[in-house]
Novice: 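There's a structure below that I have some questions on.
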Amino acid sequence: QVQLVESGGGLVQAGDSLRLSCAVSARTLSGGAMAWFRQVPGKEREFVASITRSGGSTIYADSVKGRFTTSRDNAKNTLYLQISRLKPEDTAVYYCAASSTSSANVPKSTWYDLWGQGTQVTVSS
């Protein structure tokens with residue numbers, strides 16, 4: 001069974017930077033598109049960024065463009081989310097997700113069938 005494990009979250013101050021990682025347990029992942037989502041209690045899960053299997057194409061939510069960068073190292077089976085100029089409104093649980101059937105990076109949660117357990121990011125003002 002393929003597992004996704006996020007790490008790198010924590011308590012930071014506004015303006016700081018952070019890098020989240022998502023390790024994929026499988027040596028190879030069929031499909032292979034991956035994405036980041038975030039969720040605040042009481043709100044729906046929100047799309048943040050997605051990336052194709054090859055890493056050649058990315059999509060970002062408007063709210064994070066210019067501050068968030070997603071990348072992947074397929075040799076290490078790891079997805080990354082580099083976050084800069086953090087804002088208090090970035091506070092959320094961040095989840096990585098993967099598609100076991102598609103390499104296309106669609107920005108919808110229903111596109112992805114594999115999910116991590118989430119990592120908390122808290123930004124203080």
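Computed from a predicted structure; not experimentally measured.
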Novice: Pick out which of Tyr60, Trp36, Trp111, Tyr112 makes a side-chain contact (heavy atoms from CB on, under 4.5 Å) with Ser50.
Specialist: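 Option passing the side-chain contact (heavy atoms from CB on, under 4.5 Å) with Ser50: Tyr112.
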Novice: Would you name the heavy atoms of Gln117 and Tyr95 that are closest together and state the gap between them?
Specialist: O-CE2, 3.5 Å
Novice: So which of Asn105, Val48, Ile51 actually passes side-chain contact (heavy atoms from CB on, under 4.5 Å) with Thr70?
Specialist: Ile51
Novice: Is a side-chain N or O of Arg67 found less than 3.5 angstrom from the main chain of Arg85, in a donor-acceptor match?
Specialist: yes
Novice: Out of curiosity, Cys96 SG to Leu79 CG, how far, rounded to the nearest 0.5 Å?
Specialist: 6.0 Å
Novice: Determine whether Val24 and Thr78 make a side-chain contact, defined as any pair of heavy atoms from C-beta on separated by less than 4.5 Å.
Specialist: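 Result no, sub-4.5 Å side-chain heavy-atom pair not found.
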Novice: Under a plain distance cut-off of 3.5 Å, with no hydrogens placed, do Gln82 and Ser84 share a side-chain donor-acceptor pair?
Specialist: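 No, because no side-chain N or O of Ser84 sits under 3.5 Å from a partner of the opposite role on Gln82.
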Novice: Treating Ile, Leu, Val, Met, Phe, Trp and Tyr as nodes and any side-chain heavy-atom pair under 4.5 angstrom as an edge, say whether Leu18 and Tyr94 lie in one connected cluster.
Specialist: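 Hydrophobic grouping puts Leu18 with Tyr94.
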Novice: Rounded to the nearest 0.5 Å, what separation is found between the OG1 atom of Thr122 and the CG atom of Asp90?
Specialist: 11.0 Å
Novice: Is there a side-chain contact between Thr91 and Val40 (heavy atoms, below 4.5 Å)?
Specialist: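 No, side chains not in contact.
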Novice: Mind checking the CZ-OG spacing from Arg45 to Ser109? Nearest 0.5 Å is all I need.
Specialist: 7.5 Å
Novice: Could you tell me whether the side chain of Arg38 and the main chain of Val121 form a donor-acceptor pair under 3.5 Å?
Specialist: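 Such a contact is absent between Arg38 side chain and Val121 backbone.
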Novice: Once you measure the plane-to-plane angle for Trp115 and Phe37, does it fall in the parallel (<30°), tilted (30-60°) or perpendicular (>60°) bin?
Specialist: tilted
Novice: In the single-linkage hydrophobic clustering (I, L, V, M, F, W, Y; side-chain heavy atoms under 4.5 Å), do Leu20 and Tyr80 co-cluster?
Specialist: no
Novice: Not counting sequence neighbours, list each pair that qualifies as a salt bridge (Lys or Arg N to Asp or Glu O under 4.0 Å) and has a residue in residues 5-20.
Specialist: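 Output for this query is empty, none listed.
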Novice: Looking at Asn74 and Ser54, would you say the former's side chain and the latter's main chain have a donor-acceptor pair under 3.5 Å?
Specialist: no
Novice: Is it the case that the side chains of Asp113 and Ser100 hold a donor-acceptor pair, with the cut-off being a distance below 3.5 Å and no angle test?
Specialist: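 There is such a pair (donor and acceptor under 3.5 Å, judged by atom type) between the side chains of Ser100 and Asp113.
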Novice: Would you confirm whether Thr52, through its side chain, and Ser103, through its main-chain N or O, come within 3.5 Å as a donor-acceptor pair?
Specialist: no
Novice: Charged N to carboxylate O below 4.0 Å: is that the case for Asp62 and Lys65?
Specialist: yes
Novice: Specify the closest pair of heavy atoms between Cys22 and Met34, including all atoms of both residues, with the distance to one decimal.
Specialist: SG-CE, 4.1 Å
Novice: Short question: side chain of Thr119, backbone of Gly9 - any donor-acceptor pair under 3.5 Å?
Specialist: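 Looks like yes, one N/O pair under 3.5 Å.
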Novice: State yes or no: do Leu81 and Val93 share one hydrophobic cluster built from I, L, V, M, F, W and Y residues joined by side-chain heavy-atom distances below 4.5 Å, directly or via other members?
Specialist: no
Novice: Tell me every residue that passes salt bridge (Lys or Arg N to Asp or Glu O under 4.0 Å) with Lys76, counting only those two or more places apart in sequence or in another chain.
Specialist: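 Testing Lys76 for salt bridge (Lys or Arg N to Asp or Glu O under 4.0 Å), a comparison that skips the adjacent residues, returns none.
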Novice: Do you know which two heavy atoms are closest between Ser63 and Glu46, and how far apart they sit?
Specialist: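 Shortest heavy-atom separation between Ser63 and Glu46 comes out as OG-OE2, 3.7 Å.
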Novice: If you compare all heavy atoms of Ile59 against all heavy atoms of Pro107, which two are closest, and at what distance to 0.1 Å?
Specialist: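 That would be CD1-CD, 4.0 Å.
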